[in-house]
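Worksheet for the structure shown next.
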Number of protein chains: 2
Amino acid sequence: MSNSQITIKDIAKALNVSVSTVSRALNDSPDLSGATKQQVQEYARQHHYKPNLLALSMKKRESKTIGVIVPQIIHHFFSSVLEGMMDVAEKEGFNVLLFRSRDSFEKEQHSVQQLISSQVCGVLTSIAKETTHYEHFQELVDNNIPVVFFDRICVDIPSNRVVIDDYAGALAATEYLIKTGCHRIAFFCSPLNLEISKNRRGGYLDALSKHGIPVDKDLIKICDNYDEAIPVATEMLQSENRPDAFFAVNDETALGILHATKHLHFKIPEEVSICGFTDGFAAIASDPQLTTVGQSGQDVGRSAMELLVEKIRHKGDQPLIKNKIIKTKLIVRETTR
Amino acid sequence: MSNSQITIKDIAKALNVSVSTVSRALNDSPDLSGATKQQVQEYARQHHYKPNLLALSMKKRESKTIGVIVPQIIHHFFSSVLEGMMDVAEKEGFNVLLFRSRDSFEKEQHSVQQLISSQVCGVLTSIAKETTHYEHFQELVDNNIPVVFFDRICVDIPSNRVVIDDYAGALAATEYLIKTGCHRIAFFCSPLNLEISKNRRGGYLDALSKHGIPVDKDLIKICDNYDEAIPVATEMLQSENRPDAFFAVNDETALGILHATKHLHFKIPEEVSICGFTDGFAAIASDPQLTTVGQSGQDVGRSAMELLVEKIRHKGDQPLIKNKIIKTKLIVRETTR
DNA sequence: ATGAAAGCGCTAACAA
DNA sequence: TTGTTAGCGCTTTCAT
């Protein structure tokens, strides 16, 4: 059996009218006799007619489809972002074509190619950890496809951006650690090609200098996951001049540090304070419960999609670049004094 | 600036050849002079030519796009499934159009309509909690679009299905508790209208009867989240005839129970054993680390996508219905003896 | 080895 | 009020 999807041609033939009449009837055009219109609409309904979106998009040269590229899907933050995006996409009538980069530059590049080929009318993305040059994103701009970067943004491409207020979040968290009596605060972060790393590090550094605490490079590590954090934290804690606090770029890392700290029988938070970033479910499942910087992925997703839709609707206008900053909130639990 | 995407027509004009020559060159057709072919390919590369997938799909009457409908995205299981699907989709060269039902029948129906309109070549879905009739899915079948249901399946539609072996998982977990010396095993589950609840409860009950342990209704509670689990477990633990083990339908609930148990200073696992279901990140973040029934969402996603791709490739063949059952695996950590 | 032309499903300008 | 036709980007059959 061949694809039995019914077309306007079929309806035209069946009703002995022209395709344009059918098209007009289905689009509820004003210049059409009520009788014909009703007849066509009735027939279409009965036969489950559905417009072919491919043909429509081709004709109108716009596809009502938005492309999304995320580094990963099983990930509290990114799945929250996706959920938020769907909220807005649904409301605004856009479909979503989903890609995943797995933090690979090559996959990201390929996804962008597919997205352009698919004639999407806009792209939302958070760049891969591997990515260090941006010609592929520039191609989107060259093809006049609006892009909004979120979280891991790309500053080299003129585009809208939605970011977590990483700097302020990190600053607040570090200051909190300082104010509760910590002096040697270690910082575990992602590779510095990512803006978020730079910003969170900036907040950390500024908090230190604001309170006259010298920066000790040995306390800053590139380490951003649970498994790696355990040995790295263990080593630091066994050193001569051990830290009395840790601030990590995400909850997983913080929980790895927590694991190592407990394993060495340090008292938490009396001897060692720990603060994460994200506030996923694991932060409350841990014992002691993790103090962390809360970031709303859903807000990020919603804002990014809203910005993109706005940009798509006002494509002709002056290309005003809008950045949106989503506030974080320090959630104090049990791993800090 | 209008959409500057370059087409074969542009190439043809620039190189003073016909569009068919360009098309052949780009498809590496054998009957074409090497010179022309090279010239065209070179020009296409330089000008970042990308085929218009919409036009291609229309011509070939197949879109290389698969539609996915999930009830929710921020959800450990569903995001895992999605990740697994992407693994296979990527490998097999399909793009993914994502929809989310929010467990609403209406949204699910609308998503299916969009999917048919979008000419997807297959659909993967887990039905909404609200859904009780299935005409919309039948329409997919009528339009000759293969469907694979996963997790929350629909038995009324002839289609392939992928499910978790909930019964066996619950049976194995409960038996493990029994074999390690527990006699009064409480069971916390979701409302019984869900298949998974029924099946998991079935496994629990059968394990008890297999080992000659009488069922105590007071030990079975409808409770499936962290916050509710705390007071419910606390009350049970303070009762005369307290349970010596808990088995919960998901990790969140198990971790709520763990929280309550620790709070009452029971020794874990010596005095109280706890077992969850899912194996999310929180299971290893907790202390002690949670024993749980691991269900691989990624395997479910991969299997579902593989089954679908196979079905798409063999569309002409006899419509063999294949069900796939994904095994669970008991992951013993520190909350059980 | 290359070109002309039809057609996928749909819309819209132009005719009638 | 309705029909005819061109064209969106591409492939492919049939000519040349």
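As the structure is a computational prediction, the values presented were derived from the model and not from experiment. Letters A, B, ... mirror the listed sequences (proteins, then strands); counts begin at 1.
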Inset, instruction - Mark yes or no for a side-chain to base donor-acceptor pair under 3.5 Å between A/S33 and D/dT2, with no hydrogen or angle criteria applied. - result: no

Legend entry - Sugar-phosphate, base or nothing in reach of B/T7, heavy atoms under 4.0 Å: sugar-phosphate

Inset, instruction - Mark yes or no for a side-chain to base donor-acceptor pair under 3.5 Å between A/R24 and D/dG3, with no hydrogen or angle criteria applied. - result: yes

Legend entry - Residues A/D299 and A/R302 bridged, charged N to O under 4.0 Å: yes

Legend entry - From D/dG9, C/dA5, C/dC10, nucleotide with atom closest to B/S20 side chain: C/dA5

Inset, instruction - Looking at every strand, decide which applies to B/D31 at a 4.0 Å heavy-atom threshold: base, sugar-phosphate, or nothing. - result: base

Inset, instruction - Rounded to the nearest angstrom, tell me the gap between atom CD1 in A/I8 and atom P in C/dG7. - result: 16 Å

Inset, instruction - State which residues pass side-chain hydrogen bond (donor to acceptor under 3.5 Å, both in side chains) with B/H314; sequence neighbours excluded, sorted by chain then number. - result: B/D317

Legend entry - Side-chain N or O of A/N27 closer than 4.0 Å to phosphate OP1/OP2 of C/dT11: yes

Inset, instruction - Check if the side chain of B/T36 and the base of C/dA1 share a donor-acceptor pair of N or O atoms closer than 3.5 Å. - result: no

Legend entry - Value in whole Å for how far the C1' atom of D/dC10 lies from NZ of B/K59: 7 Å

Inset, instruction - Send over the distance from B/K60 NZ to C/dC8 P, rounded to a whole Å. - result: 17 Å

Legend entry - Note: A/E139-B/K50 ion pair, threshold 4.0 Å (strictly below): yes

Legend entry - Rounded distance in Å - NZ (A/K9) to C1' (D/dT4): 14 Å

Inset, instruction - Under 4.0 Å between any heavy atoms, over every strand shown, what does B/T21 touch: base, sugar-phosphate, or nothing? Just pick one. - result: sugar-phosphate

Inset, instruction - Whole angstrom is fine here: how far is it from CG in B/D10 over to P in D/dC10? - result: 9 Å

Inset, instruction - Let me know the distance between CG of B/N16 and C1' of C/dT2, rounded to the nearest Å. - result: 12 Å

May I have the list of side-chain donor-acceptor pairs in residues 155-162 of chain A shorter than 3.5 Å, sequence neighbours left out?
unit_1	atom_1	unit_2	atom_2	d
A/S159	OG	A/I157	O	3.3
A/N160	OD1	A/K322	N	3.0
A/R161	NH2	A/I157	O	3.2

Legend entry - d(NZ, A/K64; C1', C/dC10) in whole Å: 17 Å

Legend entry - Phosphate contact (D/dG9 OP1 or OP2) by A/R61 side-chain N/O below 4.0 Å: yes

Inset, instruction - Report yes if at least one side-chain N or O of A/Y49 is closer than 4.0 Å to OP1 or OP2 of C/dG9; otherwise report no. - result: no

Inset, instruction - Between B/K37 and B/V19, just flag the one whose closest nucleotide in DNA chain C comes earlier from the 5' side. - result: B/K37

Inset, instruction - Look at the aromatic rings of A/F105 and A/H136 and report parallel, tilted or perpendicular, splitting at 30° and 60°. - result: perpendicular

Legend entry - Euclidean distance, atom CG of residue A/L54 to atom C1' of D/dG9 [Å, nearest integer]: 12 Å

